[in-house]
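The structure appears right after this line, and notes come after that.
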Number of protein chains: 2
Amino acid sequence: MTLSERIRHDFESRILSGTLAPGERLPTEQDLMELYGCARMTVNKALSALSAAGLVERRRKAGTFVARPRVHSMAMDIPDLGAEVAARGQAYRFALSRRKLVRAADAAVKWDVNGEVPLLELSGIHFADDAPMAWEHRFVNAAAVPEIVEAEFSSPGGWLLEHVPWTEADARITAAAATGAEAKALAVSAGAPCLCIERRTWRGTEPITYVRQLFLAGAYELNAHFGPSAGSR
Amino acid sequence: MTLSERIRHDFESRILSGTLAPGERLPTEQDLMELYGCARMTVNKALSALSAAGLVERRRKAGTFVARPRVHSMAMDIPDLGAEVAARGQAYRFALSRRKLVRAADAAVKWDVNGEVPLLELSGIHFADDAPMAWEHRFVNAAAVPEIVEAEFSSPGGWLLEHVPWTEADARITAAAATGAEAKALAVSAGAPCLCIERRTWRGTEPITYVRQLFLAGAYELNAHFGPSAGSR
DNA sequence: CTCGCGATAATGTATAGACAAAAAGAAATC
DNA sequence: GATTTCTTTTTGTCTATACATTATCGCGAG
């Protein structure tokens, strides 16, 4: 591994692990060049790469700072439903119907976490202007994000977006008919078409959350854009 | 604009416009440093950035080459249904039901192309093991891709993937109930839940294709992965 | 003709230094 | 006290050079 790669990796892992919190300032290039005993260009290359990757933000004279978790830099927005509904001028509300700490082994979901890991199980309904638009069932790795167990939030997705940067995610998107319980919660008849999104996110290799969301057809659409992204410049 | 940015931009635009074709070799760093009258590090920075962005591939001793159109490097795969169905061990077939050259102004679809542009309108059904799985309605910019008008293909999506690299795409994903005509084509009852994908692609700023696909719930799922991609290294 | 091997041409990384640009913070002025 | 101006710190870019790395190409031996 080359030196600049090592410097980059050092800070990357500290940022991803949370040792360096969002907003925190990194040492100056001067300091790092003494610390690693190398030329400034070498340090600069490493930090510039981190900046291009969106992990840090650099400001002249001020310094280099760990970037705040980015919502929009990824190819597909991880939607913060609250913000989206508000952007359409509707009133948003999330009604929590379940909040319980469970062992991973007891969770009725296949998720690649160790059975002894504590999970916070959450479920509830998203409302736009008091009309139900989505049903959500979520598990959060309470070992990785202990704060959430006591946290107050208006919606779990929004809270996570603000507090826990994710570095990796996958999504599975299907269409499904609402089953009895789901249909009842969403106040539609059984068999109504829904958009089903299952998503898992990680910070590094550490699982953060698994969520299954069921959107009423017509109430929501997913938009994705692929191409030269602003974050890659 | 800095010099290295300018060098990068020069080649980026030539690659995206197709002036530099995939596989073609770029000048060596030596040549470029004479051409632009600068140091090699400056050229190197520009080319390394292009390499990190996945636009070129660099090989020691061999040189720098325009990367081949990448199907899988983007965050979400633009699915080639034929390949996916085949991967599941099923027999794939596309039944073309319409193939007609129309003026953009006459197309019953809102798409941001000039009204006089000739479009090839295609529609048909995707079968897996002789069971219909999706209905597709597509327009292709015949001015940008004249070859397709005469082309033989087993599926329009597969043909485009192989022949026309796209640089930008967006997608709109919703759930919908199959309407009468659609339900009939897919051999299900009206109101059956479907996954609806509308997608547009561009090469540079030139529109390539617009497609609306309707998948039967259960017959198909969309998978996306977000994270440090192989192309960004 | 084939295989292996070395010369060579290309990229990859690093150095030390220089100047530019921006912006925060301090000082001077109104 | 508010505004302007100056200083200084920190990043941004570029230069010229050096050496490392490696895959390709051509040549020679078998």
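Keep in mind it's a predicted model, so treat the numbers as computed, not measured. Below, read A as the first sequence line, B as the second, and so on, with proteins coming before strands; counting in each chain starts at 1.
Across residues 23-32 of chain A, A:Arg25, A:Thr28, A:Glu29 each have a non-hydrogen atom less than 4.0 Å from an atom of DNA chain D (numbered order).
Remark: B:Arg93 is positioned above the aromatic ring of B:Phe127, its terminal NZ or CZ atom under 6.0 angstrom from the ring centre and at most 45 degrees off the axis.
A donor-acceptor pair shorter than 3.5 Å can be found between the side chains of B:Glu29 and B:Asn44. Between the side chains of B:His137 and B:Gln213, not a single donor N or O lies within less than 3.5 Å of an accepting N or O. Counting only N and O atoms by type, the side chains of A:Thr209 and A:Arg138 include a donor and acceptor under 3.5 Å apart. Checking B:Ser51 against B:Arg58 by side-chain atom types alone, no donor-acceptor pair falls below 3.5 Å.
Taking atom CD of residue A:Glu57 and atom P of nucleotide D:dG12, one finds them 11 Å apart after rounding to whole Å. Between A:Phe65 atom CZ and D:dT11 atom C1' the separation is 11 Å, expressed in whole Å. Computed from coordinates, the B:Asn44 CG to D:dA16 P distance equals 15 Å when rounded to whole Å. Between the P atom of D:dA20 and the CZ atom of B:Arg60 lies a distance of 13 Å, rounded to the nearest Å. Straight-line distance from the CZ atom of A:Arg40 to the P atom of D:dG12: 9 Å, rounded to whole Å. The nearest whole Å value for the distance from the CE atom in B:Met41 to the C1' atom in D:dA16 is 11 Å. As a whole-Å value, the separation of B:Arg8 CZ from D:dC14 C1' is 18 Å. Rounding to whole angstrom units, CE of residue A:Met33 and P of D:dT10 are separated by 13 Å.
A:Thr42 is not listed as a side-chain neighbour of A:Met33, based on a closest heavy-atom distance of 4.5 Å or more.
Listed pair A:Ser48 / D:dT11 fails the phosphate criterion, with no side-chain N or O lying under 4.0 Å from OP1 or OP2. Between B:Thr42 and the phosphate of D:dT15, there is a side-chain N or O to OP1/OP2 separation shorter than 4.0 Å.
No contact: A:Leu47 has no heavy atom under 4.0 Å from any strand.
The aromatic rings of B:Phe215 and B:Tyr220 lie parallel to each other, with less than 30° between the two planes, well short of the 60° mark.
Taking the six-membered ring where the residue is Trp, the centroids of B:Phe11 and B:His9 are separated by 6.0 Å or more.
Judged by atom type and distance alone, A:Arg59 does not reach the base of D:dT9 through any side-chain donor-acceptor pair under 3.5 Å.
In 5' to 3' order, the nucleotides of DNA chain C bounding all contacts with chain B (an atom under 4.0 Å from a heavy atom) are C:dT8 to C:dA14.
Sequence order on DNA chain C of the closest nucleotides to A:Gly37 and B:Lys61 puts B:Lys61 first from the 5' end.
A:Arg99 pairs by the side-chain hydrogen bond (donor to acceptor under 3.5 Å, both in side chains) definition with nothing, not counting sequence neighbours.
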